[in-house]
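Only this structure's heavy atoms are used, side chains among them; waters, hydrogens and symmetry mates stay out.
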Amino acid sequence: MSTKPASKVLVINDEPLILKEFLKGLNAAARALDNPFGLSFVGALTAKEGLHLIEEDGDIQVVIVDDKLYAVQDGARRARREPPVKENSSRNLQVSALKLVQKITALRPELDLYILIEKEKEDQVVDALFAEAVDGYFYREERDYRGMYRILNAQIAERARTPFYDALRSYVLAAKDAWHTPGHSSGDSLRGSPWVNEFYEFMGEHIWDADLSVSVKALDSLMEPTGVIAEAQQMAAKAFGARKTFFATNGTSTANKVILQTLIAPGEKLLLDRNCHKSVHHGVVLSGARPVYLDSSVNKKYGVFGPVPKATMLKAIEEHPDAQLLVLTSCTYDGLRYDLKPICEAARARNIKVLIDEAWFSHARFHPDLRPTALEAGADYVTQSAHKTLSAFSQAALIHVNDSGFKEHLFRENFNMHTSTSPMYSLIASLDVGRKQAVMEGYKLLERTLMLAAELRQQINATGAFRVLELHDLLPEEVQDDNIRLDPTKITIDISSCGMTVDELQGELFTRFNLTVEKSTFNTITLLLTIGTTRSKCSRLYDALMRIAREKRAPRRLYRTPDIPGFTELVYLPRDAYYCGGELIPLLDENDQPNASLIGRICADQIVPYPPGIPVLVPGQLITDNIVEYLIRYLRVQNKVELHGVVYQGYFPSIRVLTGGEEKRLACLRETPQPAVVRRAA
């Protein structure tokens with residue numbers, strides 16, 4: 001059973017009698033008129049008080065600011081974010097509407113903002129606020145409370161609209177007979193079947209009703225949207241702070257490939273973090289790019305792959321001004337976030353576009369403790385997995401564009417090359433609804449999530465056997481001074497004192513306590529908290545860890561994962577090598593030793609231990625003895641690892657390499673070799 005929403009409108013006015021009259025009139029209108037969003041009106045006499053309420057009350061949806069506001073102190077600060085400002089006791093300090101609007105927008109950009117003005121100063125105030133996120137103005141003298149209420153109610157209704165989901169729901173409830181795909185025909189093929197009705201019942205009626213064909217024109221086209229999908233994407237762009245936003249139904253993995261194919265022509269240069277998701281490396285193959293790999297930092301103590309050092313990136317930008325694109329991941333799987341603004345500024349100075357893979361950070365826009373987002377820091381393109389941290393179905397993703405030179409037709413051609421012509425409408429609807437929830441209650445939910453994360457950190461540390469790693473623990477030495485920040489919704493725990501291996505601990509948590517964690521290294525586990533995390537789940541986790549800790553097992557020696565070898569040399573373009581036929585060569589020779597015949601050969605595939613998903617080899621890369629030994633050792637000690645790209649010939653693990661003839665052919669076609677890797681700056 002759903003509950004009625006509670007929405008508050010904050011009125012900031014420094015005249016007590018006027019404020020009291022406004023609140024009385026507006027609340028009376030809310031009681032007398034239709035009030036589907038539960039509107040009520042609260043007041044603040046100072047900017048400081050108003051900002052404090054905006055911080056503390058996630059139900060505030062709209063703020064009305066008097067343009068002639070005076071206050072003792074015009075800012076509120078949280079101790080954890082900014083130092084307090086020195087109070088000014090003078091009542092002569094006028095806080096302009098412009099300054100206060102900017103502060104409110106910096107705190108919660110999703111809020112609707114209105115200004116109270118005098119008629120004779122209308123032009124002056126409107127001109128001052130022209131570039132700000134102001135939704136409208138009210139004349140102070142009119143006192144038309146019912147009219148104001150209707151406007152505010154309509155504004156909230158507009159923000160809470162879900163154009164695509166509303167159309168989908170209306171169509172489904174209209175119960176049209178379907179003479180088109182899909183074959184299950186609204187579930188009729190399964191419902192009542194003695195063989196598969198159980199699946200129908202398990203999935204639920206509407207998952208079948210809403211699985212419709214692109215023949216339903218009322219639901220628009222994801223490949224060329226002009227109706228409700230286009231509307232929903234426009235609302236998402238406003239919510240996330242983008243010029244344009246596009247819905248993707250096959251994950252950030254495909255979104256990354258679309259962007260790379262749009263921005264990079266065959267042979268053009270690309271700067272990318274070697275630590276990027278494998279989809280970016282696949283995009284290199286598809287686009288025919290000439291990659292310049294940037295070595296990531298590595299925390300060997302905990303097996304955590306960190307950001308690329310800032311000095312390395314700035315050096316690469318300086319040495320490769322002909323690069324078309326820089327690709328980074330922020331935040332990382334472990335929650336490490338770049339200081340993106342100076343990086344974006346350096347790239348922009350060289351006309352290098354910036355793509356940030358924000359797959360794990362789609363929630364950041366909706367809480368000030370997590371901003372700035374990549375878009376706010378100046379990125380041209382951002383991809384997000386809305387399903388990872390917001391309320392969208394798996395595979396539902398977002399592509400945000402802030403590039404002033406965006407070539408939409410070219411993008412659309414590449415998007416349509418990768419997207420299905422039969423997208424699942426439930427995924428699109430979940431993006432629409434996920435955006436609505438983020439703008440209407442994202443701040444409130446994230447306040448709770450961050451509070452639970454802080455409490456859980458204390459509880460885990462109190463067990464004595466487990467310790468939460470803080471930012472300084474996770475950061476590799478070479479990025480300690482790069483202003484890296486940590487997303488507190490990712491909690492990495494050192495398990496080395498608990499008396500179990502990481503596999504044993506995960507098995508214990510799963511079988512004995514019914515808990516599954518996000519990821520692990522040889523001596524850590526990582527928890528992901530989201531807007532769906534509850535206090536009950538936190539209590540159950542704490543109880544499980546405390547029970548294990550009280551069993552007081554003696555600490556055990558943990559077998560450390562082999563260090564990933566450094567990048568060697570890119571001999572041929574990844575696309576050229578990948579599309580060769582190649583031949584399979586075993587990693588082990590007949591004596592079960594590292595196969596010497598692999599040394600000096602050129603890899604034709606991407607070889608990726610998963611997790612963490614960082615390539616050991618990419619197509620076109622030179623194979624050395626260190627790499628062969630690493631792969632063999634990894635396979636021997638990591639009995640549960642996935643090693644993507646390795647092919648088994650019977651019991652023998654093999655990798656695909658170029659034949660001698662293919663190498664000669666590519667050598668004839670190859671231009672002057674370009675640098676393939678940028679080493680960390682000294």
Side-chain angles (χ1 to χ4, degrees), residues 272-278 280-281 284 291 293-306 308 332-334 476 478 501-503 519-524 557-572 574 577-578 582-649 651-658 676-680:
L272 74 158
D273 176 4
R274 187 190 172 193
N275 194 11
C276 282
H277 188 264
K278 63 179 186 174
V280 176
H281 297 279
V284 171
Y293 294 103
L294 310 178
D295 275 343
S296 307
S297 58
V298 181
N299 184 329
K300 295 181 180 180
K301 183 176 180 180
Y302 296 109
V304 171
F305 293 85
V308 176
T332 67
Y333 206 169
D334 305 282
E478 56 266 49
T501 67
V502 73
D503 289 337
K519 69 175 280 280
S520 63
T521 67
F522 70 97
N523 60 355
T524 70
R557 180 187 173 192
L558 301 178
Y559 199 97
R560 181 173 158 179
T561 306
D563 293 337
I564 190 169
F567 193 88
T568 54
E569 178 187 355
L570 192 67
V571 181
Y572 304 109
Y578 178 80
E583 61 180 334
L584 289 174
I585 303 293
L587 286 167
L588 297 165
D589 61 20
E590 294 178 352
N591 298 317
D592 208 29
Q593 297 299 311
N595 192 346
S597 64
L598 274 172
I599 311 306
R601 300 296 294 270
I602 308 301
C603 191
D605 286 320
Q606 189 176 168
I607 310 299
V608 186
Y610 196 85
I614 299 168
V616 177
L617 287 166
V618 299
Q621 184 180 341
L622 178 69
I623 300 171
T624 62
D625 54 351
N626 288 340
I627 291 174
V628 175
E629 290 172 4
Y630 169 84
L631 292 173
I632 294 170
R633 187 179 176 204
Y634 205 92
L635 286 168
R636 283 174 172 165
V637 304
Q638 299 292 320
N639 58 350
K640 294 183 181 179
V641 76
E642 297 177 32
L643 199 52
H644 300 170
V646 170
V647 181
Y648 279 84
Q649 300 184 89
Y651 294 105
F652 297 101
S654 307
I655 58 178
R656 186 168 68 97
V657 300
L658 302 187
V677 63
V678 175
R679 298 298 176 194
R680 301 183 192 116

For G306 against S296, the heavy-atom pair lying closest together: O-CB, 3.6 Å
With T521 via side chain to side chain donor-acceptor pair (under 3.5 Å) - residues at least two apart: N523, T524
List for me each residue that meets side chain to side chain donor-acceptor pair (under 3.5 Å) alongside Y630, sequence neighbours excluded, and say none if there are none. none
Separation between CD1 (I599) and CD (E629), nearest 0.5 Å, reads 7.5 Å
From K278 NZ over to Q606 CD, what is the distance, rounded to the nearest 0.5 angstrom? 7.5 Å
How are the rings of Y293 and H281 set relative to one another: parallel (under 30°), tilted (30 to 60°) or perpendicular (over 60°)? parallel
For Y648, what residues pass the side-chain contact (heavy atoms from CB on, under 4.5 Å) criterion, not counting sequence neighbours? L635, V646, P653
Taking all atoms of both residues into account, what is the closest heavy-atom pair of F305 and I564, and its distance? CE2-CG2, 3.5 Å
Tell me, do Y634 and P609 make a side-chain contact under 4.5 Å, heavy atoms counted? yes
Might you point out which heavy atoms bring P565 and R274 nearest each other, and give the distance in Å? O-NH1, 3.0 Å
To the closest 0.5 Å, what do you measure between CD1 (I627) and CD1 (I607)? 10.0 Å
Taking salt bridge (Lys or Arg N to Asp or Glu O under 4.0 Å) as the test, write out the residues that go with D334, two or more places apart. K519
Residues at least two apart in sequence or cross-chain that pass side chain to side chain donor-acceptor pair (under 3.5 Å) with E583, listed by chain then number, are R601
Using salt bridge (Lys or Arg N to Asp or Glu O under 4.0 Å) as the criterion, list what pairs up with R656, not counting sequence neighbours. D605
Show me the donor-acceptor pairs within less than 3.5 Å that the side chains of residues 613-625 make with the rest of the protein, sequence neighbours left out.
{"from": "Q621", "atom 1": "OE1", "to": "V618", "atom 2": "N", "distance (Å)": "3.1"}
{"from": "Q621", "atom 1": "NE2", "to": "T568", "atom 2": "OG1", "distance (Å)": "3.0"}

Using the salt bridge (Lys or Arg N to Asp or Glu O under 4.0 Å) criterion, which residues pair with K301? Sequence neighbours excluded. none
Show every donor-acceptor pair shorter than 3.5 Å between a side-chain atom in residues 585-595 and any protein atom, with sequence neighbours excluded, or say none if there are none.
{"from": "D589", "atom 1": "OD1", "to": "N591", "atom 2": "N", "distance (Å)": "2.9"}
{"from": "D589", "atom 1": "OD1", "to": "D592", "atom 2": "N", "distance (Å)": "3.1"}
{"from": "D589", "atom 1": "OD1", "to": "Q593", "atom 2": "N", "distance (Å)": "2.9"}
{"from": "N595", "atom 1": "OD1", "to": "S597", "atom 2": "N", "distance (Å)": "3.1"}
{"from": "N595", "atom 1": "OD1", "to": "S597", "atom 2": "OG", "distance (Å)": "2.6"}
{"from": "N595", "atom 1": "ND2", "to": "P586", "atom 2": "O", "distance (Å)": "2.9"}
{"from": "N595", "atom 1": "ND2", "to": "S597", "atom 2": "OG", "distance (Å)": "3.3"}

Can you name the residues that form a side chain to side chain donor-acceptor pair (under 3.5 Å) with N299, not counting sequence neighbours? none
Please evaluate residues D295 and F567 with respect to the criterion side chain to side chain contact (heavy atoms under 4.5 Å, CB included), reporting the C-alpha separation (whole Å), side-chain torsions for both, the decisive distance (0.1 Å), and the verdict. CA-CA 8 Å; D295 275 343; F567 193 88; 4.2 Å; yes
Supply the atom-to-atom distance N275 CG to T332 OG1, rounded to the nearest 0.5 angstrom. 7.5 Å
